Undergrad: 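Let me give you the structure first, and then I'll get to my questions.
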Amino acid sequence: MQQIFNFIYKNSNRLLFLLLLGISLTLTIQSHSYHKSRIISSANFLSGGVYERINNASEYLNLKTENDALAQENAKLRSLLFNIKDTTTIPKLENLKGVKPENIIVSKVIHNSYDAHENYLTLNSGSLQGVKSDMGVINSLGIVGIVDNTSANYSTVVSILNIKSQINAKLKKSNHFGSLNWDGKSTGFVQLTDVPRLASIKKGDTIVTGGQSVIFPENVNIGTVYKMYKQKENHYYTLDIKLFNDMTNLGHVYIIKSKDRDEITNLEKAGKNE
């Protein structure tokens, strides 16, 4: 213990300098958006590289599971191809109606957190591949999250298992809307709040993305109704939604470019400023 005190005493000037330098850098980053964005991008770059190497090792150990999932998806695609009249026509997925192939970026999840209240994913695609903030991320089963930050070759995504996530969603059969969020409890369920009590709802009804979002296309799958609760303070339902996706086991994903997003956002901002 005496040696520790002697070391601190002998190096007190250096330690004080490092402490003050750390405080000044922190204050500079927090007070300047440019410095903050550069630090976030650098952190994404460094953590992305580490996560990618960890993911490569994990993938090697989970090849059988990945191959089984790919085999099931290929079987489904073959079934669709063999059951259409014109086999030269590529079948269009209903939940991606109106989205052109050039507006889809294929990426892979290299890091996935799901045990916190604010969970994020890291993808191995970034600004060089055309990824931008606020792009929607989905896979073959349903929605995954929304792009938060990007570096050159990596991006972070706000998972739907994040208590700050809010997404417009609806009942597929009736078009009654609500707000999709997560209560931070189970990785297999999210909640749809503010659904009018006039809506006819039963267990097993499908929930999809709504038409009021500029991030996700309409009718992308989310999950099914598991339970219903009446909100005491108003005349709305809260629904427990069982997700189609296993958010603890994600592989390849699709990042959706919304060509109309900027136009709609700018128009809405102009209306508010008048």
Side-chain angles (χ1 to χ4, degrees), residues 93-99 112-121 133-148 157-250 253-256 258 260-261 264-265 267-268 271-272:
L93 297 176
E94 182 184 356
N95 59 351
L96 287 181
K97 185 177 181 181
V99 179
N112 179 11
S113 72
Y114 46 81
D115 55 358
H117 281 168
E118 296 181 18
N119 292 299
Y120 289 84
L121 314 171
S133 297
D134 295 329
M135 285 184 173
V137 181
I138 68 171
N139 65 7
S140 59
L141 296 178
I143 65 172
V144 171
I146 300 173
V147 175
D148 183 33
V157 175
V158 178
S159 169
I160 56 173
L161 300 183
N162 188 310
I163 58 173
K164 293 184 178 180
S165 172
Q166 285 195 333
I167 297 169
N168 178 252
K170 66 178 182 178
L171 285 157
K172 187 174 183 179
K173 69 176 185 180
S174 67
N175 289 328
H176 284 96
F177 289 93
S179 179
L180 191 78
N181 44 63
W182 186 51
D183 61 8
K185 296 179 180 178
S186 172
T187 58
F189 295 86
V190 293
Q191 286 66 47
L192 187 64
T193 60
D194 299 329
V195 179
R197 291 192 188 178
L198 293 174
S200 175
I201 308 168
K202 63 180 181 180
K203 184 175 180 179
D205 284 347
T206 299
I207 304 299
V208 296
T209 53
Q212 298 179 14
S213 172
V214 295
I215 295 176
F216 291 101
E218 190 174 9
N219 293 320
V220 178
N221 284 331
I222 297 174
T224 57
V225 176
Y226 185 75
K227 284 184 180 180
M228 293 183 295
Y229 308 92
K230 291 181 180 179
Q231 297 175 196
K232 295 180 180 180
E233 63 276 11
N234 53 41
H235 299 288
Y236 293 94
Y237 284 120
T238 291
L239 311 178
D240 274 347
I241 308 302
K242 185 177 182 180
L243 293 170
F244 289 130
N245 256 321
D246 178 2
M247 292 297 295
T248 67
N249 184 25
L250 298 172
V253 294
Y254 307 99
I255 306 169
I256 310 300
S258 176
D260 298 326
R261 180 183 178 279
I264 294 172
T265 303
L267 181 63
E268 291 177 346
K272 291 178 181 179

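Computation of the quantities below employed the complete heavy-atom set of this structure, encompassing side-chain atoms and omitting hydrogens, waters and symmetry-equivalent molecules. One is the number of the first residue; the rest follow in order along the sequence. Remember, it's a predicted structure, so these values are computed and weren't measured experimentally.
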Undergrad: With N162, which residues qualify under side chain to side chain donor-acceptor pair (under 3.5 Å), at least two apart?
TA: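 For N162 there are no side chain to side chain donor-acceptor pair (under 3.5 Å) partners, ignoring immediate neighbours.
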Undergrad: Can you give each donor-acceptor pair under 3.5 Å made by side-chain atoms of residues 193-200, sequence neighbours left out, with the distance rounded to 0.1 Å?
TA:
residue	atom	partner	partner atom	Å
T193	OG1	S179	O	3.2
T193	OG1	N181	ND2	3.4
R197	NH2	Q231	O	3.0
R197	NH2	N234	O	3.2

Undergrad: Distance-only, no hydrogens or angles: does the N245 side chain make a donor-acceptor pair with backbone N or O of M247 under 3.5 Å?
TA: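 Not at all, since once roles are kept as given, no pair shorter than 3.5 Å links the two residues.
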Undergrad: For D246, give me all partners under side chain to side chain contact (heavy atoms under 4.5 Å, CB included), at least two apart in sequence or on another chain.
TA: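 So D246 forms a side chain to side chain contact (heavy atoms under 4.5 Å, CB included) with T248, N249.
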Undergrad: Testing V225, V208, T206 one by one against L171 for a side chain to side chain contact (heavy atoms under 4.5 Å, CB included), which residue passes?
TA: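 Option passing the side chain to side chain contact (heavy atoms under 4.5 Å, CB included) with L171: V225.
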Undergrad: What pair of heavy atoms forms the shortest contact from A169 to I222, and how long is it?
TA: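 The pair with the smallest heavy-atom distance is CB-CD1, 3.7 Å.
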Undergrad: If you count heavy atoms of other groups shown closer than 6.0 angstrom to OH of Y236, is the number above 12?
TA: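 Result for OH/Y236: open.
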Undergrad: How many angstroms lie between CD1 in I215 and CG in D134, if you round to the nearest 0.5 Å?
TA: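 CG of D134 is found 5.0 Å from CD1 of I215.
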Undergrad: What residue among T209, N219, I207 forms side chain to side chain contact (heavy atoms under 4.5 Å, CB included) with K170?
TA: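 Of the listed options, the one satisfying the test is N219.
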Undergrad: Find the distance between CD1 (I160) and CD1 (I241) and round it off to the nearest 0.5 Å.
TA: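 These two atoms lie 11.0 Å from each other.
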Undergrad: How close do S165 and V158 get, heavy atom to heavy atom, and via which atoms?
TA: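 Result for this residue pair: CB-CG1, 4.4 Å.
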Undergrad: Please lay out, stage by stage, how Y254 and V144 fare under the test side-chain contact (heavy atoms from CB on, under 4.5 Å).
TA: CA-CA 9 Å; Y254 307 99; V144 171; over 6 Å; no
Undergrad: Quick one: closest heavy-atom pair of F244 and L141, and the distance?
TA: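 Answer, listing the atom of F244 first, then L141: CB-O, 3.5 Å.
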Undergrad: Hey, could you give me the CD1/CD1 distance between I138 and I143, rounded to the nearest 0.5 Å?
TA: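 It comes to 9.5 Å.
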Undergrad: Step by step, would you call I256 with V220 a side-chain contact (heavy atoms from CB on, under 4.5 Å)?
TA: CA-CA 11 Å; I256 310 300; V220 178; over 6 Å; no
Undergrad: Sequence neighbours excluded, which residues qualify as side chain to side chain contact (heavy atoms under 4.5 Å, CB included) partners of N112?
TA: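 Scan of N112 (side chain to side chain contact (heavy atoms under 4.5 Å, CB included), adjacent residues dropped) gives V109, Y114, L121, L250.
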Undergrad: For the NE2 atom of H117 and the NZ atom of K164, what is their distance to the nearest 0.5 Å?
TA: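 Nearest 0.5 Å value for the NE2-NZ distance: 12.5 Å.
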Undergrad: Applying ring-ring contact (aromatic ring centres under 6.0 Å, His included), can you list everything that pairs with Y226, at least two apart in sequence or on another chain?
TA: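 Y226 satisfies ring-ring contact (aromatic ring centres under 6.0 Å, His included) with F189 only.
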Undergrad: Please list, chain by chain and in numerical order, all residues satisfying side chain to side chain contact (heavy atoms under 4.5 Å, CB included) with N168, sequence neighbours excluded.
TA: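 With sequence neighbours excluded, N168 shows a side chain to side chain contact (heavy atoms under 4.5 Å, CB included) to F177, Q212, S213, given in chain and number order.
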Undergrad: Is the backbone N or O of Y120 less than 3.5 Å from a side-chain atom of S113, with the two atoms forming a donor-acceptor pair by type?
TA: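 Answer holds: yes.
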Undergrad: Just so I know, are the side chains of D205 and K173 near enough to count as touching, which here means a heavy-atom distance under 4.5 Å?
TA: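 Yes - at least one pair of side-chain heavy atoms lies under 4.5 Å apart.
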Undergrad: I'd like to check I146 versus I167 (side-chain heavy atoms, cut-off strictly below 4.5 Å). Are they in contact?
TA: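 The answer is yes; the side chains approach within 4.5 Å.
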Undergrad: For D240, run the side chain to side chain donor-acceptor pair (under 3.5 Å) check against K185, Q191, K227 and tell me which one passes.
TA: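 Checked K185, Q191, K227 against D240; only one passes side chain to side chain donor-acceptor pair (under 3.5 Å): Q191.
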Undergrad: Does some side-chain heavy atom of L161 sit less than 4.5 Å from a side-chain heavy atom of L243?
TA: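 Yes - at least one pair of side-chain heavy atoms lies under 4.5 Å apart.
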